[in-house]
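Worksheet for the structure shown next.
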Amino acid sequence: NGVLYAARGRLYLDRQDYTAAKADLDRALALGLPDAAQRAYAYELHGQASAYLQDYDGAIADYTLIIDMSAAPAARRLDARLSRAILHHMRRDRAKAMADYDAFFPRMDEASEPTRAKALAIIDGLKRAGLYDGSGKQYDPALRGALAQCVADPACRF
């Protein structure tokens, strides 16, 4: 039953019915899922629904569970790391955002394709803002500095 609720929760998320998605994912997680990969995926979807509903504390908690789930696939944990970094960034929590960016960007190539695309979009946003002019192929001091500057500036958006 947990797997079915998770699948329906994903469908609700795709249809932008975030309240229904979150409710089904709550049920899926309460009923249980057979392995760590499925649990991590359900928490990721739950985090996305929470973020869309502006429950940022809930989304951060979901992403933290994934990051701390040692049995979860490494790519899923990296995806959660970038998602949590973005939420901390939105809140202008420089220390937490930078800790997550520092953990994610050196290993960006190990993340899922959609998350790598999201990271490249962040780099492009930094370039458009005039904060960074590098290639973004490595997490160098210039890219880190641009991220830190963007986190500190409330007007900086990707």
Side-chain angles (χ1 to χ4, degrees), residues 6 9-19 21-22 25 29 35-158:
R10 175 63 204 205
L11 291 173
Y12 281 133
L13 194 61
D14 288 344
R15 291 175 39 195
Q16 300 178 350
D17 186 345
Y18 306 118
T19 302
K22 190 172 177 181
L25 292 160
L29 291 163
D35 61 43
Q38 289 179 337
R39 283 190 300 280
Y41 184 60
Y43 277 117
E44 181 179 350
L45 297 175
H46 194 269
Q48 290 173 15
S50 295
Y52 280 115
L53 293 169
Q54 298 181 345
D55 174 12
Y56 302 125
D57 290 333
I60 287 169
D62 288 334
Y63 296 134
T64 301
L65 283 169
I66 299 166
I67 292 163
D68 293 342
M69 195 182 298
S70 62
R76 185 79 60 207
R77 291 193 325 265
L78 279 170
D79 294 355
R81 184 73 73 171
L82 183 60
S83 295
R84 190 175 75 175
I86 292 167
L87 291 171
H88 288 312
H89 185 140
M90 288 171 44
R91 291 180 152 187
R92 303 295 169 213
D93 187 331
R94 185 180 185 278
K96 289 179 181 177
M98 292 311 300
D100 281 338
Y101 285 139
D102 289 344
F104 173 80
F105 273 100
R107 298 179 57 205
M108 180 172 83
D109 291 342
E110 299 171 39
S112 69
E113 181 60 36
T115 298
R116 284 194 309 271
K118 189 186 308 183
L120 292 173
I122 289 170
I123 293 168
D124 286 342
L126 294 171
K127 289 178 180 181
R128 284 191 310 277
L131 299 174
Y132 180 67
D133 62 0
S135 69
K137 291 184 180 180
Q138 62 182 355
Y139 192 54
D140 58 15
L143 177 53
R144 187 182 193 284
L147 282 165
Q149 188 175 349
C150 188
V151 172
D153 181 359
C156 187
R157 304 261 188 260
F158 302 126

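We use all heavy atoms of the structure for the numbers below, so side chains are in, but hydrogens, waters and symmetry mates are not.
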Test side chain to side chain contact (heavy atoms under 4.5 Å, CB included) applied to K22 and T19, step by step: CA-CA 5 Å; K22 190 172 177 181; T19 302; over 6 Å; no
Restricting to non-hydrogen atoms, name the atom on [X] and the atom on [Y] that form the minimum distance, rounded to 0.1 Å.
X	Y	result
A97	V151	CB-CG2, 4.1 Å
A51	L87	CB-CD2, 4.3 Å
A74	R107	CB-NH2, 4.3 Å
G47	A59	O-CB, 3.4 Å

For residues 119-129, which side-chain donor-acceptor pairs fall under 3.5 Å, sequence neighbours excluded?
residue, atom, partner, partner atom, Å
K127, NZ, G134, O, 3.0

side-chain hydrogen bond (donor to acceptor under 3.5 Å, both in side chains) pairs, two or more places apart, involving residues 65-76: E44-R76
Pairs where residues 113-122 contributes a residue and the test side-chain hydrogen bond (donor to acceptor under 3.5 Å, both in side chains) is met, not counting sequence neighbours: D79-T115, S112-T115, E113-R116
Residues forming a side-chain hydrogen bond (donor to acceptor under 3.5 Å, both in side chains) with Y12, sequence neighbours excluded: none
Residues in side-chain hydrogen bond (donor to acceptor under 3.5 Å, both in side chains) contact with R94, at least two apart in sequence or another chain: none
Applying salt bridge (charged side-chain N to carboxylate O under 4.0 Å, His left out), can you list everything that pairs with [X], at least two apart in sequence or on another chain?
X	value
D109	none
R144	D102
D100	R81, R84
R157	none

Flag side-chain contact, heavy atom, 4.5 Å: R91 against D57: yes
Qualifying ring-ring contact (aromatic ring centres under 6.0 Å, His included) pairs with a residue from residues 104-150, counting only residues at least two apart or across chains: Y101-F105, F105-Y139
Pairwise ring-ring contact (aromatic ring centres under 6.0 Å, His included) hits with a residue in residues 45-86, at least two apart: Y18-Y52
Approximate separation, where rounding is to 0.5 Å, of [X] [atom1] and [Y] [atom2]:
X	Y	atom1	atom2	answer
D140	S135	CG	OG	7.5 Å
R77	I67	CZ	CD1	9.5 Å
L29	D62	CG	CG	7.5 Å

Steps toward salt bridge (charged side-chain N to carboxylate O under 4.0 Å, His left out) verdict (D14, R10): CA-CA 6 Å; D14 288 344; R10 175 63 204 205; 3.0 Å; yes
Pairs where residues 58-151 contributes a residue and the test disulfide bond (SG atoms under 2.5 Å apart) is met, not counting sequence neighbours: C150-C156
